[in-house]
Number of protein chains: 2
Amino acid sequence: MDEKISLIPLGGVSNVTKNMYLYEYKDEVLIVDCGIGFADETMLGVDLLLPDISYLLKSKKKIVGLVLTHGHEDHIGALPFILPQLPQFPIFGTPLTAALANEKLKEFEVGSRVNPVEFGKGQLSLGSFSLSFIRVTHSVPDTSHIFIRTPVGNFYHGSDFKFDLTPADNKKIEFDKIVAVGKEGVLCLMSDCLRSEKEGYTPSELTLAENFEREIAKAKGKVIITTYSSNISRLNQAIKAAQKFGRKICFVGRSFYKVRDVAVDLGYMKIDKGSEISVEQLKNYKDSQVVLIVAGSQGQENSALSRIANGDSKEIKINSNDVVIFSSDPIPGNEISVNNVIDSISQKGARVVYSEISSDFHVSGHAAANDLMLLMSLLNPKKVLPIGGTYRQMVAYKELAKKQGFEDGDILLTDDGQEIVFTKSASSFGKKLTLKKVYVDQMSGEEVEHFVLIDRQKIAENGVVIVMAEIDSETGKMVNSPTIIARGFSSQESATLNKTLVNELRNKFSIKTERVNDWIYIRRLIGEIAEKNIFKAFRKRPLVLPVVVEV
Amino acid sequence: MDEKISLIPLGGVSNVTKNMYLYEYKDEVLIVDCGIGFADETMLGVDLLLPDISYLLKSKKKIVGLVLTHGHEDHIGALPFILPQLPQFPIFGTPLTAALANEKLKEFEVGSRVNPVEFGKGQLSLGSFSLSFIRVTHSVPDTSHIFIRTPVGNFYHGSDFKFDLTPADNKKIEFDKIVAVGKEGVLCLMSDCLRSEKEGYTPSELTLAENFEREIAKAKGKVIITTYSSNISRLNQAIKAAQKFGRKICFVGRSFYKVRDVAVDLGYMKIDKGSEISVEQLKNYKDSQVVLIVAGSQGQENSALSRIANGDSKEIKINSNDVVIFSSDPIPGNEISVNNVIDSISQKGARVVYSEISSDFHVSGHAAANDLMLLMSLLNPKKVLPIGGTYRQMVAYKELAKKQGFEDGDILLTDDGQEIVFTKSASSFGKKLTLKKVYVDQMSGEEVEHFVLIDRQKIAENGVVIVMAEIDSETGKMVNSPTIIARGFSSQESATLNKTLVNELRNKFSIKTERVNDWIYIRRLIGEIAEKNIFKAFRKRPLVLPVVVEV
C-alpha cells in the first residue's frame with residue numbers, strides 16, 4: 001500500500017482567520033500556526049474564536065512540533081489558550097514571530113516556549129518532517145513560507161504573503177530558495193488566496209514613506225496616523241517621516257506598546273533617542289511638533305481613536321488644522337464603525353485621509369492574482385490548495401490555477417475539518433471532523449487584557465443581561481434610569497445588579513455634553529461598562545445586550 | 001430689510017437617506033421629497049426611519065406644495081406615513097416618479113395624490129415659488145433636478161444624479177436647460193455629494209447590456225441576476241439580453257412585481273408577449289432556457305436570493321452550471337450579509353459574478369468628482385450646499401468646490417434641522433430644530449408589507465423578547481428547546497408565548513438538513529418567526545433579540 005500523509009485544517013480554510021493546520025504522517029502530527037478568529041455580528045457578546053482542538057486531544061498521535069509562519073494574531077493568537085491543553089513539544093518561528101508569540105504567552109502567564117529560528121539556518125527536523133523557512137514579505141517583518149519535506153512528498157505552506165520587490169526593511173524575498181524547492185518537487189502548494197479576486201500585482205509599501213513625509217511637511221497641526229499595531233513596517237515609515245521633520249512621536253493605545261517594545265528590542269524598529277514622548281508629555285508641545293500614532297483603525301469600540309473622535313480623551317482633542325490619516329482599509333463588517341469615526345473627526349473640522357479618497361497610505365499585505373500565479377509558476381507543484389480566504393476567494397483562486405494549466409482534480413477546494421489524504425501521486429478526501437465553534441469572550445478595550453473561555457454551558461450559567469438606556473442625542477446624557485433585565489441571577493443578585501448598574505451608568509453618562517454622532521460607540525460603551533461592573537460584583541460574564549434608545 | 005428665504009433640511013444632510021427639504025418664504029413652505037431612512041445596526045429591532053415633521057405640524061405656515069425628484073424609497077417612501085398627518089396640498093413628480101409614489105400610497109390605503117408633470121411643460125407655480133423640472137440621469141428613469149425660482153433668488157435642487165451621456169433609455173440629460181437656468185442665475189446649488197470622494201466621471205450604463213448578453217450566451221445553466229428592484233434601466237438591460245437569446249424571464253421576489261407593473265403600464269419596461277414566466281412555471285423549462293431576476297442583492301434577511309442560497313426555496317435550486325450575477329454593490333453595512341450569500345452560492349458550485357471580481361455588471365447611479373464639478377461649472381451658482389451624503393462626503397465636496405473657485409463662506413456644510421437663511425446676496429445659519437429619530441418597524445420580509453410606527457413609549461409598552469436558540473451547524477436543526485426571555489408580558493402571556501414560540505421554532509427548524517453557512521440568515525429567520533408569532537398571538541411588537549448558539 002502506498003504511504004500516506006494527511007492534511008487537516010482546523011481553521012483557516014473557507015474563512016480568513018483562526019489558522020491552524022495539521023500534517024499527519026503515520027503516528028506523527030506537525031502543526032502549522034495557531035491563530036484566533038474574529039467573531040461576526042451573529043455572535044453577540046463574544047469577540048474571538050479558537051480552533052477546535054478536540055481531535056488533537058482525543059488522538060493518540062504524537063505532536064512532533066509546531067511551527068509559526070508569522071506574528072499576526074490569526075496565526076499565533078490562540079497559543080496561550082491551546083498550549084496548556086496539550087503535552088510538551090517544540091515550537092519554532094522566525095525571530096520576530098517567536099518574540100511576538102512569547103510576549104503573548106507571557107501576557108497570559110504561560111511560559112515562553114517559542115524558539116527563534118533564523119532564515120537560512122538549514123533544515124529543521126521534527127519527527128519525519130524536515131522543514132525550511134523561506135523569507136517572503138507581508139505586513140509584518142520576518143514572515144515566512146515553510147517548505148515541508150515528508151517521506152510521501154513535499155508541501156509548500158505558502159500562507160499570508162505578498163511579493164514586495166522593494167520591501168521597507170530591505171530584506172528581500174528568498175526567490176532563490178523558492179525556485180530551488182520547486183526544482184526539488186512540490187506535491188502540493190498551500191497558498192494564500194485572500195486577494196485572488198484582485199487583478200495584477202499588489203503594490204510595494206515603498207511609496208508610502210514619501211506620502212507620509214508629504215503630509216507631515218504640509219501639516220499645520222497634529223498629524224494623527226492610525227494603523228494596525230502589527231504592521232511594523234508601516235509604523236517604521238511613519239516614525240522615519242516624523243523624525244525627518246523633527247516632530248516628536250507619541251504612541252497612543254496600549255496595543256502599540258508591546259509591539260514597540262518587542263520590535264525595538266530586536267532591532268526591527270528604530271526610534272531616535274529623545275524623539276518619543278508619552279501621552280502625558282503632549283501638553284508640553286505644540287500641535288505642529290507632534291505625530292501621534294493611534295490605535296483604532298477599525299473603529300473598534302473604546303479604542304484610543306474612537307475616544308478621541310468622540311471627545312472622550314482628556315489629553316487629545318481634535319483641532320481643525322489637524323490631519324488624521326487612516327493607513328489601513330476597513331475589514332469587511334467594520335465599515336459602519338470606521339465611517340462613524342471618520343464622520344466624527346470630519347465634523348470637528350480636521351482633514352481626514354482614508355482609502356476612498358486616497359490610496360497613498362495603505363497597500364495590502366496579500367498577494368493579488370498575478371503574484372499568486374507567479375508563485376505557482378516558480379514552484380510548479382502537482383496540486384494547489386487555497387487557504388486563508390473565504391469560499392468565493394478559493395473559487396477565484398481556482399480560476400487562476402486553471403489559467404496556469406492545473407486540472408480540476410488537482411485544484412483542491414476544501415473546508416475546515418476536512419482531511420485530505422495524499423499519496424505520492426494522488427489525493428483524496430478523507431474523514432470529516434465535526435468542528436465546533438469555540439468562543440473566547442474578550443473583555444472590552446482595544447487591548448487584549450483579560451480573556452475567559454465561554455461555551456454554551458457557560459452562557460447558560462452566566463446568564464443574560466439586557467441594558468436599555470435612553471440617551472439624549474443633543475447632549476449625550478442618559479435620560480431617566482436605564483432598564484436592566486437580567487436572567488440567570490438570583491432575585492437578590494438582580495436587585496444588587498440593578499442598583500449598581502443604574503448608578504454607574506447614570507454617573508458615567510452625566511458628564512458628557514456633546515452631540516452624539518456615533519451611536520455604535522455609545523452602545524458598545526454601555527455594554528462595556530455593564531460587563532465590567534457585573535464581573536466586579538459577581539465574577540460572572542453574562543451575555544450583555546445593550547439597547548440604546550435615542551431621544 | 002432684505003427679503004429672506006430659508007432652507008431647512010428635515011433629512012438627507014450628513015446622511016444619505018430620509019430626504020426631505022423645506023423651502024420657506026414668508027408664510028409659505030415648499031417641500032422637496034419625502035423619503036425613508038434605513039436603520040443601522042445600533043437600532044436593534046427597527047428597520048426604517050422617517051423624517052421628523054414636528055416643525056411642520058407646529059408651524060402655522062402654509063404648505064404650498066410638495067415636489068418629488070425621483071422614485072426611490074429614500075425620496076418618496078415616507079409619503080404614506082406623513083401625508084395623513086398634514087393638510088391637503090398639491091404634489092407633483094415626473095410621470096414614473098408620480099406612478100411609483102401613487103402605487104406606494106395605494107399600498108397603504110392612502111389615496112393617490114401625486115400629479116404627473118411632463119418634462120418640458122413649462123413652469124409650475126406653487127405659491128410664490130415657480131418650478132422647472134430638468135431631466136437628468138440616475139438609476140431610475142424620469143429622475144429630475146428641480147430649478148426653484150423665488151422672489152429672493154433661484155435655487156437648483158440637484159439631488160441624486162449622474163451624467164450618463166448614453167443612457168439606456170436614450171432619454172438625454174437636458175443640458176440646454178441646465179445652462180439656461182445657470183444664465184438666469186443660481187443663488188445656491190444643492191448638490192448630490194455621495195460619490196464626491198471618487199475621482200473622474202461615473203461611467204455609463206451602456207456597456208452593461210453587452211456584458212449581460214455575453215454571460216447569457218455562454219451560460220449552460222440558469223442565469224440569475226440580482227439587483228435593486230428600483231433600478232429599472234438595469235432590469236430592462238437584463239430583459240433585453242434574455243430575449244435576444246430566447247430565454248424566458250422569471251421575476252422572483254415580490255418587490256419586483258409592483259415595479260414591473262408600474263413600469264410596463266407606463267411604457268418604461270418592454271417585455272415581449274409570452275417571454276415572461278412565473279416561478280410556478282419554471283419546472284416546465286430547462287435551466288438553459290431561463291433568466292431569473294431575483295430580489296435580495298443586499299443579502300437581506302429572507303429575501304428570495306437568501307432563501308435560494310440557503311436551500312430554502314422549493315422551486316429554485318442552485319446547480320453547478322448556473323451563473324449568479326450581482327448587478328449591484330453592497331451598501332456599507334451590508335458587506336457581511338452579501339458575502340455570506342456569495343459564499344453559500346459558491347459552495348453549491350455555481351459561478352458567482354460580483355463587483356470585486358468584475359466591474360462589468362454594476363455602475364453607480366451617482367455623480368463622481370468631475371461630474372459634480374461639471375454641474376458647478378454649468379450653473380455657476382453663488383453658493384453650493386452638498387446634500388445626500390455623509391459628513392465626510394460633504395467635506396470631499398467642499399474640496400471640489402474650492403477647486404472651482406468657491407470661497408469657504410460660500411460652501412455651506414450643514415446638518416439636518418439647521419435652517420439656512422438666504423438673502424439676495426448673503427446667507428447665514430438660522431435656528432436649529434431639534435429633530436428626533438422617528439422609527440418605523442418594518443414587518444419582516446423583503447417587501448414592505450406592514451408597518452407600525454414605534455417610539456420609545458411603544459418599546460416600553462410592547463416589551464422585549466430574547467430568543468436564544470442552539471443550532472446544529474452540520475444540519476441546521478435546532479438542538480434542545482430555545483430559551484425565551486420576555487419582559488413586558490403578564491405571567492400568563494409569558495407562558496403562552498413561551499409555549500407557542502418554542503413549538504413553532506422547533507417545527508420550523510426540524511425540516512432543514514443542510515450545513516449552515518450563513519449565520520446571519522439563521523439569526524434573522526429566528527427573529528422574524530418570533531416577531532410574526534408574537535404579533536399573531538398578542539398584537540404586540542416587542543423588541544425581539546435573537547441569539548444563536550452554534551453547536
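It should be emphasised that the depicted structure is a prediction, and the values quoted were computed from it without experimental measurement. In the text below, chain A, chain B and the rest are named by the order of the sequence lines, each starting its count at 1.
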CG on A:Asn339 to CD on B:Gln393, rounded to 0.5 Å: 8.0 Å
Name the option with the most non-hydrogen atom pairs under 4.5 Å to chain A; the candidates are B:Ile342, B:Val352, B:Leu413. B:Ile342
Assert top hit (heavy-atom pairs under 4.5 Å, partner chain B, pool A:Thr483, A:Val395, A:Asn334, A:Thr390) equals A:Thr390
Rounded to the nearest 0.5 Å, the CD atom of A:Glu197 sits from the OG atom of B:Ser355 at a distance of 9.0 Å
Would B:Arg392 and A:Glu356 count as a salt bridge (charged side-chain N to carboxylate O under 4.0 Å, His left out) if you check the C-alpha gap in whole Å, the side-chain angles of each, and the deciding distance to 0.1 Å? CA-CA 10 Å; B:Arg392 62 188 235 193; A:Glu356 271 89 351; 3.3 Å; yes
Applying a strict 4.5 Å limit to non-hydrogen atoms, the region of A:Glu335 in contact with chain B is side chain
Sorted by chain and number, sequence neighbours left out, ring pair (Phe, Tyr, Trp, His ring centres under 6.0 Å) with A:His366 holds for A:His138
